[in-house]
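Reckoned from all heavy atoms, side chains included, excluding hydrogens, waters and symmetry mates. In what follows, chains carry the letters A, B, and so on, assigned in the order in which the sequence lines appear, proteins first and then strands, with residues in each chain numbered from 1. Just so it is clear, the model here is predicted, and its values are computed rather than measured.
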2 protein chains.
Amino acid sequence: MNQSIICPRFEKAVSLLSQRWTTLLIYQLLSGPQRFGTIQSSIAISGRVLSERLKDLEQQGVVKRDVIPETPVRIEYSLTEKGFSLEPILKEIENWSQTWVKKEELDD
Amino acid sequence: MNQSIICPRFEKAVSLLSQRWTTLLIYQLLSGPQRFGTIQSSIAISGRVLSERLKDLEQQGVVKRDVIPETPVRIEYSLTEKGFSLEPILKEIENWSQTWVKKEELDD
DNA sequence: TATAATAGCTTACATAAAGTAACTAAAGGA
DNA sequence: TCCTTTAGTTACTTTATGTAAGCTATTATA
């Protein structure tokens, strides 16, 4: 059978971006550092999964976690260079959506 | 709380692309029309989900299903114009992966 | 004619991922 | 001391996906 092997780097990138919420989460952080609660209220993700994703993305070097010793303590999540470098992909998706997603499909 | 509403078209596009297997499936079809079995053996998707995805993508106008009355009958899946228009997004992902995905992360 | 083979699914059941809601820990303030 | 807020975590439920067997149609083979 036609076993044209798919590039493993590409596959890895796809598996990153096709985890539920990951793309929206990164999109959200493109507008600047944000706290756990802010992210949670801007996309419909549950706390359980947000916490999981942030840890995961931190480990992959896409997101950075900063503890700011204010009072009360503040935790800020932001994109690393690797994280910001995803912007062109998101822009392409945005672009595509403007042309191809019709009003009628927006009832989810 | 910071409720900067995310564009619904963008959200829709993201939800399409972050369904498991969808991006790889489209990538695979970029190289031309293919049969059920061929797709199944080129990506690691199960028959159950492949069938589900194809129906879904067909309904969203991304994929076209053609019955070719040969002997035995042959069923070919291909991208529509809407499907092909996703190519720039996939190219960006491919690009990104070449720069940012390191050898060490490839052990999945 | 009966049996088998192949493609393209579908079905029933098992496992993994995500959602929900209640709870905890730490720190400050009333 | 008790209450509030933020940033989670935990236990449990629901949904998505994987696995493997089965089904239907068509042609090939014995």
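With sequence neighbours left out, the salt bridge (Lys or Arg N to Asp or Glu O under 4.0 Å) criterion links E87(B) to no other residue. F10(B) pairs by the ring pair (Phe, Tyr, Trp, His ring centres under 6.0 Å) definition with Y27(A), not counting sequence neighbours. Partners of P88(B) by side chain to side chain contact (heavy atoms under 4.5 Å, CB included), not counting sequence neighbours, listed by chain and number: E92(A). A search for side chain to side chain contact (heavy atoms under 4.5 Å, CB included) contacts involving R9(B) returns S97(A), Q98(A), V101(A), K103(A), L106(A), C7(B), not counting sequence neighbours. Partners of E52(B) under the side chain to side chain contact (heavy atoms under 4.5 Å, CB included) rule, at least two apart in sequence or in another chain, are R48(B). Not counting sequence neighbours, the partners of S85(B) by the side chain to side chain donor-acceptor pair (under 3.5 Å) test are W96(A), W100(A). When the salt bridge (Lys or Arg N to Asp or Glu O under 4.0 Å) test is applied to E70(A), the partners found at least two apart in sequence or on another chain are R74(A).
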Only pairs under 3.5 Å count here: list side-chain donor-acceptor contacts from residues 53-64 of chain B, not counting sequence neighbours, and write none if there are none.
| from | atom 1 | to | atom 2 | distance (Å) |
| --- | --- | --- | --- | --- |
| R53(B) | NE | R20(B) | O | 2.9 |
| R53(B) | NH2 | R20(B) | O | 3.2 |
| D56(B) | OD2 | Q60(B) | NE2 | 2.9 |
| K64(B) | NZ | D66(B) | OD2 | 3.3 |

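Note on the helix from dT1(C)-dA30(D) to dA30(C)-dT1(D): angle between the axes of the first and last five pairs equals 30°, rounded to 10 degrees.
Taking the 5' to 3' direction, DNA chain D first and last meets chain A under 4.0 angstrom from a heavy atom at dT6(D) to dA11(D).
Contact check on E76(B) versus R35(B) returns no salt bridge, with no Lys/Arg side-chain nitrogen under 4.0 Å from an Asp/Glu carboxylate oxygen. The pair K102(A)-E105(A) does not meet the salt-bridge criterion, since no charged nitrogen lies less than 4.0 angstrom from a carboxylate oxygen.
DNA chain C lies under 4.0 Å from no heavy atom of any residue of residues 17-26 of chain B.
By the criterion of side-chain heavy atoms lying less than 4.5 angstrom apart, applied directly or through intervening Ile, Leu, Val, Met, Phe, Trp or Tyr residues, V67(B) is grouped together with L79(B) in one hydrophobic cluster.
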I89(B) vs L86(B), side-chain contact (heavy atoms from CB on, under 4.5 Å): CA-CA, chis, key distance, verdict | CA-CA 6 Å; I89(B) 299 172; L86(B) 290 161; 3.8 Å; yes

All N/O pairs under 3.5 Å across the protein-nucleotides 6-11 of chain C interface:
| from | atom 1 | to | atom 2 | distance (Å) |
| --- | --- | --- | --- | --- |
| dA7(C) | O3' | R35(B) | NH2 | 3.1 |
| dG8(C) | OP1 | R35(B) | NE | 3.2 |
| dG8(C) | OP1 | R35(B) | NH2 | 3.4 |
| dG8(C) | OP2 | G37(B) | N | 3.4 |
| dC9(C) | OP1 | R65(B) | NH2 | 2.6 |
| dC9(C) | OP2 | Y77(B) | OH | 2.5 |
| dT10(C) | OP1 | K55(B) | NZ | 3.1 |
| dT10(C) | OP2 | S51(B) | OG | 2.7 |
| dT10(C) | OP2 | K55(B) | NZ | 3.1 |

